[in-house]
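By convention in this document, chain letters (A, B, ...) are assigned in the order of the sequence lines, proteins followed by strands, and residues within each chain are numbered from 1.
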Amino acid sequence: MLGFLTRRLLIAIPTILLISIFVFTLQKLLPGDPVLAMAGEERDPAVIEFLREKYRLNDPIWMQYFNWIGGALTGDLGISLRTQQPVLTLIAEKLPVTIQLAVMALVIALVIGVPTGVLSAYRKGSVIDWVANIVALSGLSIPNFWLGIMLILLVSVKLGWLPASGYVPLTEDPLQSIRTMIMPAFVLGTGLAATLMRHTRSAMLGVLRSDYVRTARAKGLGESVVVLKHALRNALIPIVTVTTLLFGELLAGAVLTEQIFTIPGFGKLVVDAVFNRDYAVVQGIVLCTAVAFIAMNILADAIYRVLNPRMREEQ
Amino acid sequence: MTAITDPQLAQPKTRSRVWRKLRASPSALFGAVLVGFFVLVAVLAPVLPIPAPLETDWMAVRKGPSLAHPMGTDEIGRDVLSRMVWGAQASLLAGVVSVLIALFIGVPLGVAAGYARGWTDAIISRGTEALLAAPFLILAIALAAFLGPSLSNAMIAIGLSAMPVFVRLARGQTMSVMTEDYVESARVIGLSHRAIVWRYILPNIFPPLLVQATLTVATAIIAEASLSFLGLGQQPPAPSWGSMLNVAKNFLEQAPWMALWPGIAIFLVVLGFNLLGDGLRDALDPREN
């Protein structure tokens, strides 16, 4: 396993370097000079020159890149033009909020997606299967920001059951925190539930046709034991890896969900940075997301190897 | 010994089989009807008997559905039905153009990587992996932010973000086709690389690309609506379903219909492309025969 992880980490290095070059170049290709925006309306040449020196913008472009990537390697992603805070501090402040939203969404997705997928595969071709497939495809087709708006209209405005926006940290008031997050988590979780349902169904269909399930049935084991103990346990291998890979979808979905429910998380940070032309923050976010995404890919592969007995034997 | 057949000779037969299977699938047909309906609405927008999408009626601000305005009016008295119809143009155009951008850049790169292998493949593949490492919507948002907010920039941003999937698919499919006997024989008889790619590679990698393109149109429509919802796509006062939802969220209590129709339209057209894509995948899958 150690050799596998080392190999994957080594392969990840050029990918991360390439994405860093891409992110850096993108900003440099932009029309307009960020220093002019920082220098204020007077645009004093002395101030402009001072800022150029301060941010080392007079250096050749390749040196600017090495300064930036060198800083990134030591955790320095630059300073936000708007708040003047380090980009990494901003990301670290917002990330726990999004992680709470993502974990709740994932739990909802698993609770809905996996049992529905199992039932759908077990009753393949029945009305249950047909309905589950239609619901899953609909879940994939509904824009989650619209679902959020509709739920606010129904649950908050009409029924008054849950708050339409806001955020309470989990450490401050756990119950209120869950109350404010449950609707956004549901919105984010439904699309993922549809993806998980389709993967679970597909994995279960493959397993239910296998010889060992046939043998288990021939031994006279009860259907619940056959389906839940023998089939589902093996079908879970691809499901676990798919769940890990849903990380990217969760982050992207969080951008819109946090915007609708005014949650001060990672997604809202992206949108605010975009509208304030705070490119250092946008660069930092894309780089951090890409690194995290690559890490999740490696984790998914590692989990697959741990769970799959055949892969273990190969080791 | 395997008989070497020109795959192009077999195409009409394959095409009729695929068409037969598509017609036999109720869900694919339903998807095609949905897509066809929205395409028709978008194309006929200029001749439909509806008010202009920017025409305001200050006497009918935020009025509910009525005979005069079947889908109601918005915050400055514009007809929601008219804006929905013209919004269909923006959404479908964004979906199709983004995918065309992704195809026109992604497929040549993928074919080049799969055909040439070696350093070309290594460079293209590493670049693709780097782009795939950033989540689709976050990449599209970042690109749209750097390019500036407009519908055409949103299409470019979505197209570039969707492109790596096509590179990877075209590369894999090309590598698979390259192992076929007919490609080997084309090489032996001395056909040029260009002729091999045009006559043998592209026609054979087309079916999976078509399925992926259909499904990506659905993703691109949602992405355009998302970018417009965030203010990074179609700019007001031009109509688009995403920007209509962006405004509508501020009037949920007073005019809920403003949020209802654009969402339903996005859902139906995306569902249509997803059903059609799923149907095409099943019809083109040789294992289903």
Side-chain angles (χ1 to χ4, degrees), chain A residues 11-12 14-23 26-27 29-31 130 133-134 137-138 140-150 152-153 156-158 164 247-253 255-256 259-260 267 270-271 273-275 277 279 282-283 285-287 289-294 297, chain B residues 27 31 34 122-123 125-149 215 218-219 221-223 225-227 229-232 241-242 245-246 248-249 252-253 256 258-260 262-275 278:
Chain A
I11 294 172
T15 311
I16 293 169
L17 278 177
L18 270 174
I19 198 141
S20 73
I21 293 170
F22 170 73
V23 168
L26 207 61
Q27 200 232 323
L29 289 176
L30 273 178
W130 187 77
N133 273 307
I134 292 285
L137 204 57
S138 303
L140 288 175
S141 306
I142 290 180
N144 68 3
F145 56 96
W146 180 65
L147 184 64
I149 293 172
M150 289 293 108
I152 288 176
L153 181 64
S156 304
V157 178
K158 298 277 181 209
F247 168 78
E249 267 185 61
L250 271 171
L251 270 187
V255 174
L256 291 156
Q259 198 65 17
I260 294 159
V270 179
V271 177
V274 161
F275 281 102
R277 298 196 163 261
Y279 297 121
V282 179
Q283 275 180 334
I285 286 170
V286 175
L287 190 66
T289 318
V291 171
F293 195 54
I294 290 169
N297 268 298
Chain B
S27 57
L34 281 176
I123 292 167
S125 294
R126 294 295 88 74
T128 309
E129 276 163 26
L131 285 175
L132 278 171
F136 173 72
L137 193 61
I138 291 193
L139 189 60
I141 289 173
L143 283 170
F146 285 122
L147 293 168
L215 294 170
T219 315
I221 288 174
I222 290 200
S226 307
L227 290 181
F229 178 76
L230 292 172
L232 291 167
W241 295 339
L245 278 173
N246 187 15
K249 75 173 192 298
L252 275 185
E253 266 185 273
M258 280 172 63
L260 187 68
I264 291 178
I266 298 170
F267 165 63
L268 288 177
V269 76
V270 170
L271 181 69
F273 276 107
N274 277 333
L275 287 171
D278 275 3

So which of L143(B), L230(B), L137(B) has the biggest tally of heavy-atom pairs under 4.5 Å with chain A?
-> L230(B)
Considering only heavy atoms and a distance below 4.5 Å, find which of I221(B), L268(B), I222(B) pairs most often with chain A.
-> I222(B)
Which residues pass the side-chain contact (heavy atoms from CB on, under 4.5 Å) test with I11(A), sequence neighbours left out?
-> none
Check each atom of I264(B) against the heavy atoms of chain A and say whether the ones under 4.5 Å are side chain, backbone, both or neither.
-> both
Which atoms of I294(A) approach chain B - backbone, side chain, both or neither, heavy atom under 4.5 Å = side chain
Looking only at A248(B), A218(B), G231(B), most heavy-atom pairs under 4.5 Å shared with chain A are made by G231(B)
Distance-minimising heavy-atom pair for L252(B) and L153(A) | O-CD1, 3.3 Å
Stepwise side chain to side chain contact (heavy atoms under 4.5 Å, CB included) test for V270(B) and I142(A) | CA-CA 8 Å; V270(B) 170; I142(A) 290 180; over 6 Å; no
Compare all side-chain heavy atoms of I266(B) with those of W146(A) and state whether any distance is below 4.5 angstrom.
-> no
Interatomic spacing from CD1 in I260(A) to CG in N246(B) - rounded to 0.5 Å | 10.0 Å
For each of G148(B), A225(B), A142(B), tally heavy-atom pairs with chain A at distances under 4.5 Å, and name the one with the top tally.
-> A225(B)
With a 4.5 Å cut-off on heavy-atom pairs, point out which of V269(B), N274(B), L275(B) contacts chain A the most.
-> N274(B)
Does some side-chain heavy atom of I138(B) sit less than 4.5 Å from a side-chain heavy atom of F293(A)?
-> no
Among L137(A), L17(A), L140(A), residue most engaged with chain B (heavy-atom pairs, under 4.5 Å) = L137(A)
Region of L147(A) in contact with chain B, defined by heavy-atom distances below 4.5 Å | neither
Got a sec, which residues hit side-chain contact (heavy atoms from CB on, under 4.5 Å) with A290(A), two or more places apart in sequence or on another chain?
-> I19(A), A133(B)
